[in-house]
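To start, the structure under review is shown below, and the notes come after it.
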Amino acid sequence: IMCVGFVLSLECTAVGNAVILCNSQSLLLLAGKMLVGHPISSMEATGAIVAFCGAIFCSIDSSQSAPASAGGKTFLGDFLGIVSSIGGVGYLIFAKQTLSHMNLYVFMYLNMFTGSLITLSFISLILREPVTFDRNESTGFFGWLNMDADRLPLEIAMVLWCNFFGTLGYVRAMQFF
């Protein structure tokens, strides 16, 4: 949800707006904390004020750089950025609750598997892009298995280094925050 929302918001709004709104999980978590009546420390409040002011300045500055193809769709792009951030908050809350009840590697596998299913569903059902269950490089579900330099070797590097180790480190560090 985070990644798909971010990519879609880039189509409709300025890059600055998309980045800021898609990465505002901390502000949403703080707002949620306020809504349920939990106390907020002065450091949290100060951080939220600084982040909000920075978001306003960046939004004003980047409003002139919205894609020409966006037209009047900047509100939609901003909305998709917020949806992306809400997806991130949902992931953080769900992961914190779930991780204490299962093995880290099982969690990581289920996380990646579920993300793949959500992305595939979005591509085929919402975007209505053709998806075939073969090794076609453009439409194939298994197109990444081709031994071309920009397919399988690149996919292995991305999955192992970026996704697995990066997300593994991120999830492992969640217990301290």
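Position 1 is the first residue of the sequence, and the numbers go up from there.
With values rounded to the nearest 0.5 angstrom, Thr98 atom OG1 is found 9.5 Å from Tyr91 atom OH. With rounding to the nearest 0.5 angstrom, the OG1 atom of Thr13 is 4.0 Å from the CG atom of Asp78. Expressed to the nearest 0.5 Å, how far CG of Leu29 lies from OG of Ser24 amounts to 9.5 Å. To the nearest 0.5 angstrom, Leu154 atom CG is 11.0 Å from Asp148 atom CG. Remark: Leu152 CG to Phe142 CZ distance equals 13.0 Å, nearest 0.5 Å. Taken from OG in Ser42 to CD1 in Ile49, the straight-line distance is 10.0 Å, to the nearest 0.5 Å.
The shortest heavy-atom contact between Gly87 and Ile1 is CA-CG2, 3.8 Å. For the residue pair Ala18 and Leu10, the shortest heavy atom distance occurs at CB-CD2, 3.7 Å.
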Exercise. Stepwise, does the side chain to side chain contact (heavy atoms under 4.5 Å, CB included) test hold for Ile86 with Gln25?
Worked result: CA-CA 7 Å; Ile86 291 170; Gln25 291 93 348; over 6 Å; no
For this session: Let me see the working for Phe6 and Leu80 under side chain to side chain contact (heavy atoms under 4.5 Å, CB included), right down to the final yes or no.
Result: CA-CA 7 Å; Phe6 176 67; Leu80 290 169; over 6 Å; no
For this session: Applying side chain to side chain contact (heavy atoms under 4.5 Å, CB included), run through Thr139 and Val131 and close with a yes or a no.
Result: CA-CA 5 Å; Thr139 62; Val131 176; over 6 Å; no
For this session: For Asp134 and Phe141, run side chain to side chain contact (heavy atoms under 4.5 Å, CB included): C-alpha distance rounded to whole Å, both residues' side-chain angles, the deciding distance at 0.1 Å, then the answer.
Result: CA-CA 6 Å; Asp134 57 14; Phe141 186 74; over 6 Å; no
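Contact check for Phe122 versus Thr119: no side-chain heavy atoms found under the 4.5 Å cut-off. By the 4.5 Å heavy-atom criterion applied to side chains, Cys22 and Ser9 are counted as neighbours. At least one side-chain heavy atom of Leu110 sits less than 4.5 Å from a side-chain heavy atom of Met102.
The number of heavy atoms from other shown groups lying within 6.0 Å of CZ (Phe107) is above 12. In the displayed structure, Phe133 atom CZ is contacted under 6.0 Å by more than 12 heavy atoms of other residues, nucleotides or ligands.
Judged purely by atom type and a 3.5 angstrom limit, Ser84 has no side-chain atom pairing as donor or acceptor with the backbone of Gly5. Listed for the Ser124 side chain is a donor-acceptor partner under 3.5 Å among the backbone atoms of Leu120.
In the hydrophobic cluster analysis, where Ile, Leu, Val, Met, Phe, Trp and Tyr join through side-chain heavy atoms closer than 4.5 angstrom, Leu8 is grouped together with Leu76. Cluster annotation: Met43 and Met34 are assigned to distinct hydrophobic clusters (Ile/Leu/Val/Met/Phe/Trp/Tyr, side-chain heavy-atom contacts under 4.5 Å, transitive). Hydrophobic cluster membership differs between Ile20 and Leu27, with clusters built from Ile, Leu, Val, Met, Phe, Trp and Tyr side chains linked at under 4.5 angstrom. Taken together through direct or relayed side-chain contacts under 4.5 Å among Ile, Leu, Val, Met, Phe, Trp and Tyr, Tyr109 and Met112 form part of one hydrophobic cluster. The same ILVMFWY cluster, assembled from side-chain heavy atoms under 4.5 Å apart, contains both Ile93 and Ile82.
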